[in-house]
Amino acid sequence: MKIVLASDHGGFELKEAIKDHLIKKGYSIEDIGVYSTESVDYPEYGKKAALMVANKEVDRGIIVCGTGIGISIAANKVKGIRCALCTNEYMAKMSRLHNNANVLALGGRVIGTGLALDIVDVWLSTEFEGGRHENRINKIMEIEK
Ligand code: RB5
């Protein structure tokens, strides 16, 4: 599975920890920045990562800002993106089972690294349930038209 990682300065340290974690697990990672804690604008990074997922250059995206809020809002503006901001493993699991989330957003200033890595692991290993949820996803995609 190929995953794009992106963050702003507020999510930089957590993004780096996620990158190390996923590389050790054998995932193919595309890190599109940032590469330091220098201040940047999160919409640029959320949009770029989301476009890579929407264009099928990668399978999934994980994006991080200070709260996870701004970068998730930006990513969700891109057609075809279902970005879920998760603060616990239950949300991560349900965002895959019911919402077929293709981008995960995390808040680097909200949760600790250990919890974040657990969320990432659950999110990457849970498959979409389909069934009645397929119809609901289709209704979301209809809103985009
Ligand atoms: C940057 O200071 C901060 O606003 C950003 O990381 C994020 O939390 C926005 O939602």
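Whatever order the structure lists ligands and atoms in, that order sets their numbers, starting from 1. Heavy-atom basis, side chains included; hydrogens, waters and symmetry copies ignored.
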Quick one: look up the protein heavy atom nearest atom 2 (O) of ligand 1 and list residue, atom name and how far away it is. R109 NH1, 3.4 Å
Geometry only, no angles: is Y42 polar-contacting ligand 1 at N/O separations under 3.5 Å? no
Before signing off on this row, confirm whether G70 and ligand 1 have an N or O atom pair separated by under 3.5 Å. yes
K15 side chain to V34 main-chain N or O, any donor-acceptor pair under 3.5 Å? yes
Ranked by distance from atom 5 (C) of ligand 1, the top protein heavy atom is D8 OD2, 3.2 Å
Would you confirm whether S72, through its side chain, and I69, through its main-chain N or O, come within 3.5 Å as a donor-acceptor pair? yes
R60 (side chain) donor-acceptor with V103 (main chain) under 3.5 angstrom: no
So, is G66 polar-close to ligand 1, with some N/O to N/O distance under 3.5 Å? yes
Donor-acceptor contact below 3.5 Å, side chain R96 vs main chain S125: no
D59 side chain to K2 backbone, donor-acceptor under 3.5 Å: yes
Does I119 share a hydrophobic cluster with V122, counting links as ILVMFWY side-chain heavy atoms below 4.5 Å and allowing steps through other members? no
Once you restrict to heavy atoms under 4.0 Å, what part of T67 touches ligand 1? Side chain, backbone, both or neither. both
What's the shortest distance from atom 1 (C) of ligand 1 to any protein heavy atom, and which residue and atom give it? H9 NE2, 3.6 Å
